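Take a look at the structure set out below.
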There are 2 protein chains.
Amino acid sequence: MRPLFHPAIEDVRPEAILHALADPGRAAMFAKIMQAGCVEACSAVASLGERVIPKSSLSNHIKVLREAGLIRSERHGTEVRNHSRWAEVEARFPGLLAGILNAYASDGGSGSCSTGPIDPR
Amino acid sequence: MRPLFHPAIEDVRPEAILHALADPGRAAMFAKIMQAGCVEACSAVASLGERVIPKSSLSNHIKVLREAGLIRSERHGTEVRNHSRWAEVEARFPGLLAGILNAYASDGGSGSCSTGPIDPR
DNA sequence: CCCATAGTTCGGAACTTCGGAACTTATGGA
DNA sequence: TCCATAAGTTCCGAAGTTCCGAACTATGGG
């Protein structure tokens, strides 16, 4: 198993973040990781709404979030814990994440993704 | 030629906006349309940096921006004029566009896209 | 050692994006 | 009026991306 790759914060590109969060499912995962005290096993995030996400897709979504610089993942034994990198990303691109997550939150019921109003950490 | 379709502002989805702006070229077009007094023929937007964009791709990029709800296009004789819908989008998703365009702007030279700091209209 | 659990990788089907060539539509002469 | 030209759009094939089931690889416990 290859070691997990994380971009340095200064290598994080806005287009990667937008692409990662342009999927409502991924945006919901990110919101959940952020709100859950910034720690979450991959599988804990596996059901969003009605939908059960297959493991392989889940693994891939998490990878997209990680490589976009949005989360940090560490292996702990057999599981992986995910932390949001909100503070770093916020310092580099102020207002970006709040704007995006609030947009999804205010879009509300109609999207597939539930996110309360934003308040990091 | 089919009449141009524009979503009503309440039908605009955050994921469509993120997807549209996840392409640095499209983000640069949008920034240009906004800054150029909100009016711009498609062809006026055709050269971004070094790159000359083929007409068919350009037409498609403009369509993506339009269908995401970011711009309004009107035919005037043989050309199409594009207006940004900043105010409407800002009212629906406060802070979203500013966050995104500022992120690209502060990413600056390294991306393929030049956008000054944001100040609508 | 064997099993269960948590993730990852592989590979094919379905979808999206890119760009060249052909088409449409409007305008401005001769 | 008829033709030429300019601005966009559509079509379609090649290239790339995403999704998900099946097979695989760690790790920890009994």
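Excluded from the calculations below are hydrogen atoms, water molecules and symmetry mates; all remaining heavy atoms, backbone and side chain alike, are included. Throughout, a chain's letter reflects where its sequence line sits, starting with A, and its residues are numbered from 1. All values reported here derive from a predicted model rather than from experimental measurement.
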Requested in this report: Rounded to the nearest angstrom, tell me the gap between atom CD1 in B:Ile53 and atom C1' in D:dA7.
Outcome: 16 Å
Query raised in the report: Short question: side chain of A:Arg26, backbone of A:Val64 - any donor-acceptor pair under 3.5 Å?
Result: no
Report task. Give one of base, sugar-phosphate or nothing for B:His19, where a contact means two heavy atoms less than 4.0 Å apart. Result -> sugar-phosphate
Requested in this report: Starting from C1' on C:dT8, measure out to CZ on A:Phe5 and report it in whole angstrom.
Outcome: 18 Å
Query - Side chain A:Ser56 and base D:dG21 donor-acceptor under 3.5 Å - result: yes
Query raised in the report: Rounded to the Å, how far apart are A:Ile62 CD1 and C:dA6 P?
Result: 15 Å
Report summary line: B:His76 atom NE2 is separated from D:dA6 atom P, nearest whole Å, by 22 Å
Query raised in the report: What is the distance, rounded to the nearest whole Å, between atom CG of B:Leu58 and atom P of C:dT17?
Result: 16 Å
**Report entry** Side chain proximity check, A:Ile33 to A:His83, heavy atoms < 4.5 angstrom
**Finding:** no
Report task. Starting at atom CG of A:Leu4, determine the distance to atom P of C:dT8, rounded to an integer number of angstrom. Result -> 7 Å
Report summary line: Here the distance between atom P of C:dG28 and atom CD of B:Glu79, to the nearest Å, is 12 Å
Query - Residue met sooner reading DNA chain C from 5', once B:Val64 and B:Lys55 are mapped to nucleotides - result: B:Val64
**Report entry** Which nucleotide in D:dC20, D:dG8, C:dG7 has an atom nearest any side-chain atom of A:Ser57
**Finding:** D:dC20
Query raised in the report: Are B:Glu74 and B:Arg72 close enough for a salt bridge, meaning some N to O gap below 4.0 Å?
Result: no
Requested in this report: Measure from CZ on B:Arg75 to C1' on D:dG8 and round the result to the nearest Å.
Outcome: 7 Å
Query raised in the report: How would you label the contact of B:His61 with the nucleic acid (heavy atoms, under 4.0 Å): base, sugar-phosphate, or nothing?
Result: sugar-phosphate
Query raised in the report: B:Tyr104 side chain to B:Ala31 main-chain N or O, any donor-acceptor pair under 3.5 Å?
Result: no
Query raised in the report: Which comes earlier along DNA chain D counting from the 5' end, the contact point of B:Asn60 or that of A:Asp23, where each point is its nearest nucleotide?
Result: B:Asn60
Query raised in the report: Is there a donor-acceptor contact under 3.5 Å from the side chain of B:Arg92 to the main chain of B:Ile9?
Result: yes
Query - Side-chain N,O (A:Thr78) to OP1/OP2 (C:dA6) below 4.0 Å - result: no
Query - Phosphate-side-chain proximity, B:Arg81 and D:dG8, N/O vs OP1/OP2 below 4.0 Å - result: no
